[in-house]
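Accompanying notes for the structure given below.
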Amino acid sequence: MKNVRVVVVGAGVIGVSTAVCIAEALPFCSVTLLADKFSPDTTSDGAAGILFAAKFPDIPLERQKRWFKDTFDHLLAVAQSQHSPEAGVMLSSGWQIFKEVPAERKPFWAESVIGFRFMTEEELKRFPDHKFGHAFTTLKCECSSYLPWLENRFRKAGGQVEQRTINSLQELSNSYDIIVNCSGLGSRTLVGDNQVYPVRGQVLKMEAPWLQHFIRDGDGKTYIYPGMHSVTVGGTRQEDDWRLDVDEGDTDSILKRCSRLEPSLSHGKVLSKWVGLRPSRRNPRVEKELVQLPGRRVPVVHNYGHGGWGVTLAWGTALDALGLVRQCLQEMQLQAKL
Amino acid sequence: MRVAVIGAGVIGLSTAQSIYEKYHSIVSPLTIEVYADRFTPLTTSDGAAGFWQPYLYDKGNVQETKWNKETFDYLLSFLSSPESVQMGIFLQSGYNLCSEQAPDPSFKDIVLGFRQLTERELQLFPGYTYGWFNTALMVEGKTYLPWLMEWLQKRGVKFYQRTIKSFKELAETGADMKVDAPWLKHWILTHNFSTGFYNSPYIIPGSRLVTVGGICQIGNWNEQNTSFDHKKIWEDACQLEPSLKHARIVEDWTGLRPVRSKVRLEREAIMSGATTIEVIHNYGHGGFGLTIHRGCAEEAARLFGQIVEQKGKGPKARL
């Protein structure tokens, strides 16, 4: 098989993970990671990176379970290794609490995390507004460390990195045989998908080194995630909101809601504030298509629209995308034979 | 009444606190003075990791388990208060690992969320086949002791640096290292039933640094760090937690755990010429001083109350 040129567009956690999977599994492909922004300027960089999943309405549950499990197991191996600090991956225990008992008491990912159980009455006493909760150990994957570490792995596997802004797939069609689209919110313009929309999230990074557990409200809007060098405290979920600047009203609201869950935060110091736009979609798009571009039909593998679950699903969807790339290769081989 | 507290580790300071809390409005005047050769940050309490956990089994010393529980509940009650950070109190979860199946520890009903480790969790720690997970408290001596001293100073308690002849009981050398490893958020304690408690590696993250330890040499009064101890601790801990390889070692510390077969918490009347000096003993807390301090302090205060009654210094009888 002659050398196949693959380009992965987008260098957030999805793009870099997908690029690594392809480069490591398919040595006869030359893989280029192409993006306008790299770490530390991607959406993934500001995310706390705690592994939690949500249920997407139209994707078979087995596939979603596999996405979560594959990512969890991959990151757990990193966390347990000596690479943990450099890669920014660590174990994190804590509680997800609910004001009302949810319809589904045990989430579909309960078996994939570690030591999942329901909170005891005694544990719930600390949260007087909340009636029910989960206690478990999961992983935290800090992309500002993880992405450079993964990129290093990508280069070791022979990958090339290119910083470039592209406005259409056409610009790539002559240089590459397969395009892998991990452009997140950029897919709106890049591939004309207006089902991708931003969900604005603001977070604060605080200094509160005595905090060792995560606390998350089941509504996903209020959370405290202790990390390696700071505690990520948040958040907001503002649909179709494109504002990237910090909103001080949101800052006050975040501090108020989080301090209610963890009073000691009033002694914490705010180190920085950050806003990211979650590349949201009803379901992530992980599928392939043949795109008609001037002169040729190019196989395109899509892997975008993970919303606020990018870190959680990155490795699992990257493996799926790799599978789709393999399918493209098989189809190309068949074509060549005809 | 004039009270002299000898010792300014966690036991001395908390005992002074309990006595003040219970009796300053009953006994007037009540003068409390603390005498010690070492004050924070040079006490044994300061070098300890600050982790609340008793020895696995109380061997029938149910009184000690009761004091441990009182201490835990007392510290837990401060968690939601604005003072918790100044007191150096916070929650931390983690793993107690054993190389063989063992009975549940004495503290299982005291800590939060106590449960056995799952298969998956045991896979994280090769070489260990059994253990428990729970959420416990940290109370960091380096923060707690200054908080206690300030509390006492505000209320007129005076401190005096003085060396008093030491009690002749067993001391147990402990050595640990403080490292910078902020990615670690769980404590890990291993238990080797043949080598004895604290002779097996432990890793206890704190609010700033991680305490890595595992030396407990009975009868060793040597406070110098030895490079042999240092090497052994480090190798054992790195086996337990490979990521420690990349942690920067910040300091070494050696402390003497004031060990005794059981805590001595009782009164004694000592004759000095024609006068009787009432002594309340509260010592011998080994490696669980921070863990048991409040329960013992309250008991010591209760004994103080007995003395107050006997001397007729209590509240006036109702007519």
Item to complete: Can you tell which part of A:S93 gets under 4.5 Å to a heavy atom of chain B, answering side chain, backbone, both or neither?
Response: both

Fill in: Axial cation check for A:W210 ring with B:R208, 6.0 Å and 45° limits
no

Using a 3.5 Å cut-off and no angle test, enumerate the donor-acceptor pairs between side-chain atoms of residues 99-109 of chain B and protein atoms at least two apart in sequence or in another chain.
residue : atom : partner : partner atom : Å
B:D104  : OD1  : B:W132  : NE1          : 3.4
B:S106  : OG   : B:L56   : O            : 3.4

Discussion item. Between A:L211, A:L91, A:L76, who has the most heavy-atom pairs with chain B when the cutoff is under 4.5 Å?
Written reply: A:L91

Worksheet item: In this structure, which one of A:K106, A:K69, A:K65 forms a side-chain hydrogen bond (donor to acceptor under 3.5 Å, both in side chains) with A:E111?
Response: A:K106

Worksheet, complete the sentence: Assert top hit (heavy-atom pairs under 4.5 Å, partner chain B, pool A:Q82, A:M90, A:K140) equals A:Q82

Discussion item. Report which part of B:S93 has an atom under 4.5 Å of a heavy atom belonging to chain A: side chain, backbone, both, or neither.
Written reply: both

Fill in: B:Q86 versus chain A, the contacting section by heavy-atom distance below 4.5 Å
side chain

Fill in: A:R105 NZ/CZ over A:F118 ring centroid, <6.0 Å and within 45° of normal
yes

Worksheet item: Which bit of B:L244 is near chain A, if near means a heavy-atom gap under 4.5 Å: side chain, backbone, both or neither?
Response: neither

Discussion item. Tell me if the CD atom of B:Q153 is crowded by more than 12 foreign heavy atoms within 6.0 Å.
Written reply: yes

Fill in: A:V113 versus chain B, the contacting section by heavy-atom distance below 4.5 Å
backbone

Item to complete: Return the option, out of A:E142, A:E86, A:Q80, A:E122, with the maximum number of heavy-atom pairs under 4.5 Å with chain B.
Response: A:Q80

Worksheet item: Should we count CD of B:E251 as having more than 12 external heavy atoms under 6.0 Å?
Response: yes

Discussion item. With a 4.5 angstrom heavy-atom cut-off, is it the side chain or the backbone of B:S80 that approaches chain A, or both, or neither?
Written reply: both

Fill in: Row check, A:F52 ring normal vs A:R216 NZ/CZ: under 6.0 Å, within 45°
yes

Practice prompt. Please determine, among B:V85, B:L79, B:L76, B:T118, the option with the most heavy-atom pairs under 4.5 Å with chain A.
Written response: B:V85

Worksheet entry | Heavy-atom pairs under 4.5 Å with chain B, option from A:G88, A:S264, A:A208, A:G115 with the top count | A:G115

Fill in: Residue part contacting chain B, namely of A:E207, when any heavy atom lies under 4.5 Å
side chain

Worksheet entry | CZ (A:R260) with more than 12 external heavy atoms under 6.0 Å | no

Discussion item. Which one wins on heavy-atom pair count under 4.5 Å against chain B: A:E262, A:H83, A:R117?
Written reply: A:R117

Discussion item. Checking A:N152 now: which residues fulfil side-chain hydrogen bond (donor to acceptor under 3.5 Å, both in side chains) with it, not counting sequence neighbours?
Written reply: none

